[in-house]
Amino acid sequence: MSSFSGKTVLVSGGASGIGERVAEEIVARGGNVVIGDVNSDLGAALNSRLGKNSAFVELNVSNNRDCVRAVESAQSQFGGLDFLVNCAIAMNAKPLIDLPEEGWRKTVDVGLTGTFLMCRAFAAHLLRRGTLGAIVNVSSIGGQHPYGGRARTAR
Ligand SMILES: NC(=O)c1ccc[n+]([C@@H]2O[C@H](COP(=O)([O-])OP(=O)(O)OC[C@H]3O[C@@H](n4cnc5c(N)ncnc54)[C@H](O)[C@@H]3O)[C@@H](O)[C@H]2O)c1
């Protein structure tokens, strides 16, 4: 089992779902985690459960200033940032004809633009510090295979 000892990971959308499990696993493997999420109640609760190797930052990934601040907070809390895991999503799981435009825009703002802004803020951090890092962008098989009742892809 690989160790995260001495490493710090920022998890966007880390307060619940897959991001929460990623955060738990990093701390279980000896690393530090910064949980970034719009849901401050869930984020703060998970943070206190994970203990001293965890920090929480309120983060809206659609807002560039928040993304930069989240990266900086990893630096100030744990002295650096080695990995970024993008899990933030705002899904609108509806059949195509029932999906409102604002729902579509929110999903794109969080899942696509938010991932871009987080990657950019982290890349700038690595270049400033002259260190190496890695990014995991969590996606979905739903991008390749249709689900019943949702938009169909052309084959
Ligand atoms: N759950 C599944 O079965 C499944 C399957 C395949 C892929 N995925 C993918 O995994 C990723 C995570 O999905 P999940 O199921 O854990 O989702 P989730 O809805 O359980 O968790 C998403 C988290 O993102 C946070 N969030 C929402 N908007 C945000 C914003 N603007 N800024 C920051 N945080 C925000 C939410 O508060 C929540 O904590 C997504 O990319 C999803 O497509 C999930």
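Each ligand, and each atom within it, is numbered from 1 in the order the structure gives.
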task: Start with the C-alpha gap between Leu46 and Ser54, add the side-chain angles, then the distance that decides, and say whether side-chain contact (heavy atoms from CB on, under 4.5 Å) holds.
output: CA-CA 9 Å; Leu46 176 62; Ser54 163; 6.0 Å; no
- prompt: Between Phe116 and Leu112, is a side-chain contact (heavy atoms from CB on, under 4.5 Å) present by the stated rule, with each step listed?
  reply: CA-CA 6 Å; Phe116 158 67; Leu112 194 59; over 6 Å; no
field: Asn137 and Cys119: CA distance, side-chain angles, deciding distance, side-chain contact (heavy atoms from CB on, under 4.5 Å) verdict
entry: CA-CA 9 Å; Asn137 292 325; Cys119 289; 3.7 Å; yes
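Side chain of Thr8 to main chain of Asn32: no donor-acceptor pair is present (N/O by atom type, distance under 3.5 Å, no hydrogens or angles). Between the Ser62 side chain and the Asp109 main chain, a donor and an acceptor come within less than 3.5 Å of each other. Arg69 places a side-chain N or O within donor-acceptor distance of the main-chain N or O of Glu58, the cut-off being under 3.5 Å.
Close approach of ligand 1 to Val138 is summarised as follows: ligand atoms under 4.0 Å from at least one heavy atom of the residue are 9 (C), 10 (O), 11 (C), 41 (O). Set against the non-hydrogen atoms of Ala88, the atoms of ligand 1 under 4.0 Å away are 24 (O), 33 (C), 34 (N), 35 (C). Residue Gly17 has at least one heavy-atom neighbour below 4.0 Å for each of these atoms of ligand 1: 16 (O), 20 (O).
The residues Arg49 and Glu20 are annotated as salt-bridged, a charged nitrogen and a carboxylate oxygen being separated by less than 4.0 angstrom.
In terms of heavy atoms, Ala90 sits closest to Lys106 at CB-CG, 3.9 Å.
Looking at Asn60 next to ligand 1, an N or O pair under 3.5 Å apart turns up. No N or O atom of Met91 sits closer than 3.5 Å to an N or O atom of ligand 1.
Among all protein heavy atoms, the one lying closest to atom 12 (C) of ligand 1 is Cys87 O, 3.2 Å. When hydrogens are left out, the protein atom nearest atom 33 (C) of ligand 1 is Leu59 O, 3.1 Å; that is the closest non-hydrogen contact. Closest protein heavy atom to atom 43 (O) of ligand 1: Ser140 CB, 3.8 Å. The protein heavy-atom contact nearest to atom 35 (C) of ligand 1 is Val38 CG2, 3.4 Å. When only non-hydrogen protein atoms are considered, atom 32 (N) of ligand 1 lies nearest to Val61 N, 3.0 Å. When hydrogens are left out, the protein atom nearest atom 21 (O) of ligand 1 is Ser16 OG, 3.7 Å; that is the closest non-hydrogen contact. Protein heavy atom at the shortest distance from atom 23 (C) of ligand 1 is Gly13 O, 3.7 Å. Of all protein heavy atoms, the one closest to atom 37 (O) of ligand 1 is Asp37 OD1, 2.6 Å.
Residue Val34 forms a side-chain contact (heavy atoms from CB on, under 4.5 Å) with just one option from Val11, Val9, Val57, and that option is Val57.
Judged by distance alone, the side chains of Thr115 and Asn86 never bring a donor and an acceptor atom under 3.5 Å apart.
Remark: distances from the non-hydrogen atoms of Ser12 to ligand 1 are all 4.0 Å or more. Ligand 1 is approached by Ser139 to a heavy-atom distance shorter than 4.0 Å.
The closest heavy-atom contact to atom 27 (C) of ligand 1, among the options Thr113, Ile89, Val110, Val11, comes from Ile89.
Taking a distance limit of 4.0 Å, we find that atom 5 (C) of ligand 1 is approached by no protein heavy atom.
Looking at heavy atoms from C-beta onward, Asp37 lies in side-chain contact with Phe56 at the 4.5 angstrom threshold.
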